[in-house]
A.B. asks: 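I'd like to ask some things about the structure below.
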Amino acid sequence: MKIATWNINGVRARIENLVAWLKQSSPDIVCLQEIKCQDDAFPRLEIEALGYHVETHGQKSFNGVAILSKLKPDAVNRGLPGDEADEQARFMEAVFSVEPGKIRVCSIYLPNGNPADDPVKYPYKLAWMARLEAFARDRLALEEPLVLAGDYNVIPEPHDCWDPTVWAKDALFLPQTRQAFRRLENLGLTDAVRATADDVPLYTFWDYQAGSWQKNWGIRIDHLLLSPEAADRLTGTAVEKDVRGWEKPSDHVPVAGYFNF
DNA sequence: ATGACCAATAATATTGGA
């Protein structure tokens, strides 16, 4: 089974790329982020025509996540627990029945947090990460295959960006951000890409500005974190960077994990 | 060459992204 995550940066602006990529890559489950539309505006017919089920959790203009899957999910939960007042659509969970049992897949669009000195944005990011940690702790207790896939807006290590000095004071790379990410990993979650690839650099995002793609000024911020039961069945990963060179690309590329279930 | 992004919005500038 192939499970992928992709920050699409506007699903309506990117529908042709999405259809072409689904045909080329043929993932079984896809977690999308930044669909940037409400549920009823999601171009579901084009996706369903390829044989995928479509579950969305959108909002107007910004944010928004989705899960596309060849299998129909048994259950879907929308929103990250822990703050009833949070109206930003950044999280959903789907449960699937496979051989030999249940698997859980979450689509995550973790807050950016910049500017880091903003009185609201960076604390919101850290609070969101604390909620995600609590959620992961809860789900790990189930001892099931769990894939937390998405745009984490976290650069885990200095070699995961082009120039650490440029990112030193950025919300994606501040010590508190990296510390919170390590707390997640220390629950027993495995960074799938790093478990299967030592490549440095290995980026998943290149800014639209200043010819960053051409110069390979990228960062690695899209991750699949796996429970032990999922990590045990991981056979490989792929960062599908050719997609960044397509016409009218997203600034992120798909990241996929292969599993023997 | 001294250059310069993109999506969405009741929008011809602004906001948010990273």
Side-chain angles (χ1 to χ4, degrees), chain A residues 5-19 21 31-43 46 56-66 86-91 107-126 128-129 132 149-178 180-181 201-223 239 241 243-255:
Chain A
T5 180
W6 190 15
N7 180 320
I8 191 89
N9 187 19
V11 71
R12 289 175 293 175
R14 216 75 61 204
I15 185 60
E16 286 183 28
N17 283 28
L18 178 56
V19 166
W21 174 72
C31 298
L32 296 178
Q33 300 86 36
E34 283 206 270
I35 64 173
K36 294 189 175 180
C37 66
Q38 291 173 312
D39 294 334
D40 59 7
F42 191 96
E46 292 90 326
T56 62
H57 179 41
Q59 69 179 93
K60 195 172 183 177
S61 304
F62 305 116
N63 305 325
V65 290
D86 185 359
E87 294 182 349
Q88 299 192 33
R90 296 179 172 276
F91 181 93
S107 183
I108 291 169
Y109 179 45
L110 206 147
N112 175 307
N114 281 308
D117 58 2
D118 186 278
V120 174
K121 294 195 170 181
Y122 193 55
Y124 175 65
K125 177 176 192 154
L126 292 178
W128 207 94
M129 293 183 83
L132 181 60
D151 175 1
Y152 280 73
N153 273 312
V154 174
I155 300 166
E157 299 293 337
H159 57 247
D160 290 318
C161 65
W162 174 253
D163 183 354
T165 63
V166 168
W167 294 93
K169 294 182 177 172
D170 194 283
L172 278 62
F173 192 57
L174 279 173
Q176 281 191 82
T177 305
R178 295 174 56 201
F181 188 77
L202 187 54
Y203 302 141
T204 65
F205 168 92
W206 294 260
D207 200 288
Y208 288 120
Q209 299 186 66
S212 297
W213 167 243
Q214 288 76 10
K215 298 175 197 163
N216 199 25
W217 288 355
I219 54 179
R220 191 175 76 91
I221 56 175
D222 299 275
H223 309 298
V239 178
K241 66 184 285 190
V243 175
R244 186 63 177 80
W246 291 4
E247 284 290 306
K248 215 181 168 211
S250 170
D251 38 9
H252 297 250
V253 298
V255 179

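Order of the sequence lines fixes the chain letters, A, B, ..., with proteins taken first and strands second; residue numbering starts at 1 for each chain.
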A.B. asks: Between Phe42(A) (CZ) and dA8(B) (C1'), how many Å, whole number?
C.D. replies: 16 Å

A.B. asks: Hey, which of these two, Glu34(A) or Gln209(A), hits DNA chain B nearer its 5' end, going by closest nucleotide?
C.D. replies: Gln209(A)

A.B. asks: For a quick test of reading the model: is some side-chain N or O of His252(A) closer than 4.0 Å to OP1 or OP2 of dG17(B)?
C.D. replies: no

A.B. asks: When you compare the side chain of Asn114(A) with that of Asp170(A), does any pair of heavy atoms fall below 4.5 Å?
C.D. replies: yes

A.B. asks: Mind checking whether Trp6(A) and Trp21(A) have ring centres under 6.0 Å apart?
C.D. replies: yes

A.B. asks: dA18(B), OP1 or OP2 - any side-chain N/O from Asn9(A) closer than 4.0 Å?
C.D. replies: no

A.B. asks: Base, sugar-phosphate, or nothing for Ala210(A), non-hydrogen atoms under 4.0 angstrom?
C.D. replies: nothing

A.B. asks: Quick check on dA7(B): is either OP1 or OP2 less than 4.0 Å from any side-chain nitrogen or oxygen of Arg12(A)?
C.D. replies: no

A.B. asks: For Lys121(A), which contact category applies under a 4.0 Å heavy-atom criterion: base, sugar-phosphate, or nothing?
C.D. replies: sugar-phosphate

A.B. asks: Can you tell me, in whole Å, how much space there is between the C1' of dA10(B) and that of dT15(B)?
C.D. replies: 15 Å

A.B. asks: What is the ring orientation for Trp206(A) with Trp213(A), classed by angle as parallel under 30°, tilted 30 to 60°, or perpendicular over 60°?
C.D. replies: perpendicular

A.B. asks: For atom CD of Glu247(A), decide whether the heavy atoms of other residues, nucleotides or ligands shown that lie under 6.0 angstrom number more than 12.
C.D. replies: no

A.B. asks: Please check the phosphate of dG16(B) (OP1 and OP2 only) for any side-chain N or O of Lys36(A) closer than 4.0 Å.
C.D. replies: no

A.B. asks: Select base, sugar-phosphate, or nothing to describe what Asp118(A) touches, counting heavy atoms under 4.0 Å on all strands.
C.D. replies: nothing

A.B. asks: Can you tell me how the ring of His223(A) sits relative to the ring of Phe181(A), calling it parallel under 30°, perpendicular over 60° and tilted otherwise?
C.D. replies: tilted

A.B. asks: Is the shortest side-chain N/O distance from Lys248(A) to OP1 or OP2 of dC5(B) below 4.0 Å?
C.D. replies: no

A.B. asks: Give the rounded distance in Å between these two atoms: CD of Gln33(A) and P of dC6(B).
C.D. replies: 21 Å

A.B. asks: Reading DNA chain B from 5' onward, which residue's closest nucleotide shows up sooner: Asn153(A) or Tyr208(A)?
C.D. replies: Tyr208(A)

A.B. asks: Specify the separation, in whole Å, of atom CG of Asp117(A) and atom P of dA18(B).
C.D. replies: 18 Å

A.B. asks: Return the value, rounded to whole Å, for the distance between atom CD1 of Ile8(A) and atom C1' of dA18(B).
C.D. replies: 17 Å

A.B. asks: Checking all strands, does Arg90(A) fall into the base, sugar-phosphate, or nothing category for heavy-atom contacts under 4.0 angstrom?
C.D. replies: sugar-phosphate

A.B. asks: Taking the C1' atom in each of dA11(B) and dG16(B), what is the distance between them to the nearest angstrom?
C.D. replies: 15 Å

A.B. asks: How many Å lie between CG on Leu110(A) and C1' on dG17(B), as a whole number?
C.D. replies: 14 Å

A.B. asks: Write down the distance between CH2 (Trp206(A)) and P (dC6(B)), rounded to a whole number of angstrom.
C.D. replies: 16 Å

A.B. asks: Give Asp151(A) one of three labels, base, sugar-phosphate or nothing, depending on what nucleic acid heavy atoms sit under 4.0 Å from its own.
C.D. replies: sugar-phosphate

A.B. asks: Using whole Å, what does the distance between atom C1' of nucleotide dG17(B) and atom CD of Gln59(A) come to?
C.D. replies: 13 Å

A.B. asks: Roughly how many Å is it from NZ in Lys125(A) to C1' in dG16(B), rounded to a whole number?
C.D. replies: 14 Å

A.B. asks: Using the C1' atoms only, state how far dC6(B) lies from dT2(B), rounded to an integer number of Å.
C.D. replies: 24 Å

A.B. asks: For dA7(B) and dA18(B), measure between their P atoms and round to the nearest Å.
C.D. replies: 14 Å

A.B. asks: Hey, mind stepping through Arg90(A) and His57(A) against side-chain contact (heavy atoms from CB on, under 4.5 Å) and telling me if it holds?
C.D. replies: CA-CA 8 Å; Arg90(A) 296 179 172 276; His57(A) 179 41; over 6 Å; no

A.B. asks: Using a heavy-atom cut-off of under 4.0 Å over every strand shown, decide if Tyr109(A) touches base, sugar-phosphate, or nothing.
C.D. replies: sugar-phosphate

